[in-house]
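Note sheet for the following structure.
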Amino acid sequence: MCGISPCPLLADIRGRLPAAETSSVSELVGPSPPSLFVGRYGYPKVRTGPSAAWLADEDADAAPLVSGDPADLFGRPLEEVAARHANLITGGSAMSVKSPRSPDAMLETTQQIAMAESSVDVELDFAKPIMVGMNPTFDSMSTPLGPSGEVLRAEVVGHVSIPRKVDAVANEDDLLAVDAMDELTEASIGEAQISRLLSSGLLGREGSRKLVPTRWSITATDDMLSKRLWERVREHPSLDKVLVYEATYLDNIFHIILTPGLWAFHMLEAWTRGSVWTGTGKVLGDWEDLKPRSEYAHRITGAYYSARLGVLEQMDSMRRSGACLLWRDIGPGYWAPVGVWLIRETVREAMKQAPKQFDSLKHAVDYVAPRVSAPDDLRNSWFVKRSRQTTLDSFA
């Protein structure tokens with residue numbers, strides 16, 4: 001953001017991660033969580049390949065590798081969450097996004113990993129030695145990335161456990177991606193694996209399958225799943241009370257207000273003063289009215305879709321419809337972004353708690369406003385103004 005090299009923000013983050021001795025590897029035999037990465041730079045030719053853990057000899061008895069779903073780390077401290085993913089090595093090669101129509105050996109290995117439900121052992125041979133124990137890369141959308149390099153050979157070794165529904169969907173050549181996601185969700189396949197399948201070109205009709213950059217596939221999965229939920233939720237009877245849910249994780253503080261009425265969703269977020277990434281405290285927001293938005297949420301980006309999915313899941317489980325105003329404050333304790341799964345899981349955690357009930361949106365806002373970083377922005381938000389106008393119109 002500032003153009004200063006070396007970056008002072010990343011230097012601060014790296015100083016908080018557990019120290020690791022640096023060395024180099026030209027080949028790797030290790031477990032993949034399972035995990036893979038598809039880049040977006042150079043599109044439609046993108047770097048694609050698997051990720052695997054590198055462990056020094058003295059770390060052989062370390063804690064087991066996290067599963068392929070980062071949500072399994074929910075509740076753990078930020079140092080552990082960031083370090084677990086930053087210790088993965090990603091290998092790959094540049095390939096056309098249309099490669100799934102005729103996959104080579106590298107892509108076939110990557111797709112095997114995408115289909116796996118548990119850790120997979122892989123062998124990677126790199127074109128040049130890779131420095132491990134160096135600086136990780138952080139992205140607000142996906143999990144942190146460790147070192148990466150060009151791979152000459154990638155091979156899965158040992159048994160790969162693939163859920164029956166995943167195998168069936170991946171081999172179905174006339175099933176739309178959105179319908180495939182429905183079937184996978186019904187079979188209790190989580191968003192992380194669905195996103196891997198989409199990213200590696202295993203979803204959709206055979207002749208139109210493509211690689212999807214990891215960053216895009218995460219948002220696409222959250223978006224498509226939540227739109228399907230909305231189709232159900234809109235048919236449920238409306239809430240009869242205003243409900244407020246709250247949860248905090250890694251200094252991300254969420255306040256979620258559900259109201260009776262027609263569907264609307266408004267998400268506001270602020271990096272509070274003293275936080276690592278910005279000290280302005282500026283509030284950003286995106287919203288939709290009556291139906292899911294078709295234009296990308298450029299201000300909130302992927303977090304918008306992850307949060308909306310968690311809200312719609314709760315409404316569907318309640319068999320109720322309504323509208324939602326969601327506020328997220330990000331404090332200085334969130335010193336390393338670890339991906340939008342954090343938003344999705346914290347919203348889900350909030351929804352597990354007993355909500356506070358109010359007779360009106362005004363009473364709910366009066367309760368929430370003193371608890372957020374910018375009370376006036378909340379009181380004057382699009383959602384609150386919309387609700388006031390709706391109330392006036394109803395008496396016209």
Side-chain angles (χ1 to χ4, degrees), residues 38 40 69-71 74 139-143 176-182 184-185 189-199 203-204 212-234 245 247 249-250 252-258 263-271 283-317 321-330 334 337-351 381-383:
V38 178
R40 67 185 191 277
D69 188 349
F74 184 79
D139 184 297
S140 62
M141 288 289 299
S142 54
T143 55
L176 293 173
V178 65
D179 294 327
M181 288 184 180
D182 273 352
L184 292 166
T185 301
I189 305 299
E191 300 83 21
Q193 184 161 18
I194 293 174
S195 177
R196 290 199 304 271
L197 295 169
L198 179 64
S199 194
L203 298 185
V212 180
T214 298
R215 183 184 177 97
W216 303 352
S217 72
I218 294 169
T219 293
T221 299
D222 284 338
D223 187 32
M224 285 191 273
L225 291 178
S226 60
K227 283 177 177 175
R228 283 301 178 99
L229 276 171
W230 174 80
E231 292 285 355
R232 291 208 301 263
V233 166
R234 65 190 295 211
Y245 297 85
Y249 179 49
L250 302 183
N252 285 254
I253 307 167
F254 288 80
H255 293 88
I256 306 163
I257 303 175
L258 301 186
W263 172 255
F265 181 74
H266 189 188
M267 181 172 178
L268 294 152
E269 71 174 24
W271 290 87
V283 178
L284 302 175
D286 281 304
W287 61 82
E288 60 194 44
D289 198 13
L290 300 180
K291 62 181 181 180
R293 60 186 295 135
S294 56
E295 182 183 355
Y296 183 64
H298 290 286
R299 298 179 185 88
I300 305 297
T301 65
Y304 181 93
Y305 302 94
S306 295
R308 187 181 67 181
L309 176 59
V311 168
L312 283 165
E313 285 175 342
Q314 173 67 7
M315 286 187 165
D316 191 43
S317 70
S321 61
C324 176
L325 172 59
L326 187 151
W327 185 288
R328 175 195 180 199
D329 272 325
I330 308 116
Y334 189 53
V338 294
V340 295
W341 65 270
L342 176 145
I343 287 88
R344 187 188 313 113
E345 296 307 318
T346 309
V347 169
R348 286 171 170 167
E349 181 66 22
M351 296 301 189
S381 65
W382 169 84
F383 188 95

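Note that the numbering runs from 1 along the sequence shown for the chain.
- The neighbour count for R228 CZ, taken as heavy atoms of other residues, nucleotides or ligands under 6.0 Å away, is above 12.
- Listed for the D329 side chain is no donor-acceptor partner under 3.5 Å among the backbone atoms of I253.
- No side-chain heavy atom of D222 sits less than 4.5 Å from a side-chain heavy atom of R308.
- Summarising the geometry of S217 relative to T214, their closest heavy-atom pair is OG-O, 3.0 Å, with the distance given to 0.1 Å.
- Between V311 and L258 the shortest side-chain heavy-atom distance falls below 4.5 Å.
- Residues L309 and L229 are in side-chain contact: their nearest non-hydrogen atoms beyond the backbone lie under 4.5 Å apart.
- Considering only residues two or more places apart in sequence or on other chains, Y245 meets the ring pair (Phe, Tyr, Trp, His ring centres under 6.0 Å) condition with none of them.
- Closest approach of V347 to A307, counting heavy atoms only: CG1-O, 3.9 Å.
- Between the side chain of T346 and the backbone N or O of L342 there is at least one donor-acceptor pair closer than 3.5 Å.
- Taking the centre and axis of the six-membered ring of F74, the NZ or CZ atom of R348 falls outside the cone set by 45° and 6.0 Å.
- Note that CH2 of W230 is 15.5 Å distant from CG of L225, once rounded to the nearest 0.5 Å.
- In plain terms, the two heavy atoms of M315 and G322 that are nearest each other are CE-C, 3.6 Å.
- In this structure, the side chain of S306 does not engage the main chain of W341 through any donor-acceptor pair within 3.5 Å.
- Aromatic ring orientation, W382 versus W287: parallel (interplanar angle below 30°, classes split at 30° and 60°).
- Residues V38 and W216 have side chains not in contact (no heavy-atom distance under 4.5 Å, counting atoms from C-beta outward).
- Residues L198 and M181 are in side-chain contact: their nearest non-hydrogen atoms beyond the backbone lie under 4.5 Å apart.
- Under a 3.5 Å cut-off, the side chain of S195 and the backbone N or O of A192 do not form any donor-acceptor pair.
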Run the side chain to side chain contact (heavy atoms under 4.5 Å, CB included) test on I256 and M351 for me, step by step, so that the C-alpha distance in whole Å, both residues' side-chain angles and the decisive distance to 0.1 Å come before the verdict. CA-CA 9 Å; I256 306 163; M351 296 301 189; 3.7 Å; yes
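- We find the CD1-CD1 distance between I343 and I330 to be 7.5 Å, quoted to the nearest 0.5 Å.
- A salt bridge links R234 with E231; the closest basic N to acidic carboxylate O contact falls under 4.0 Å.
- Across A247 and E349, no two heavy atoms sit closer than the pair CB-C, 4.4 Å.
- In this structure, CG on D289 lies 11.0 Å from NE2 on H266, to the nearest 0.5 angstrom.
- If you take CE on M224 and CG on L203, they are separated by 8.0 Å, rounding to the nearest 0.5 Å.
- One finds the CG atom of D286 at 9.0 Å from the CE atom of M267 (value rounded to the nearest 0.5 Å).
- Contact record, R299 with G285: CD-O, 2.9 Å, taken as the closest heavy-atom pair.
- To the nearest 0.5 Å, atom CD1 of residue I189 and atom CG of residue D69 are 11.0 Å apart.
- Considering every non-hydrogen atom in both Y296 and R293, the closest pair reads O-NH2, 3.3 Å.
- Using the six-membered ring where Trp is involved, F265 and W263 have ring planes that are parallel, under 30° apart on the 30 and 60° scheme.
- A distance-only check finds a donor-acceptor pair linking the side chain of Y305 to the backbone of A297 [under 3.5 Å].
- With contacts defined as side-chain heavy-atom distances shorter than 4.5 Å, the pair R344/E191 qualifies.
- Between F383 and I257 the shortest side-chain heavy-atom distance does not fall below 4.5 Å.
- At least one side-chain heavy atom of S381 sits less than 4.5 Å from a side-chain heavy atom of L325.
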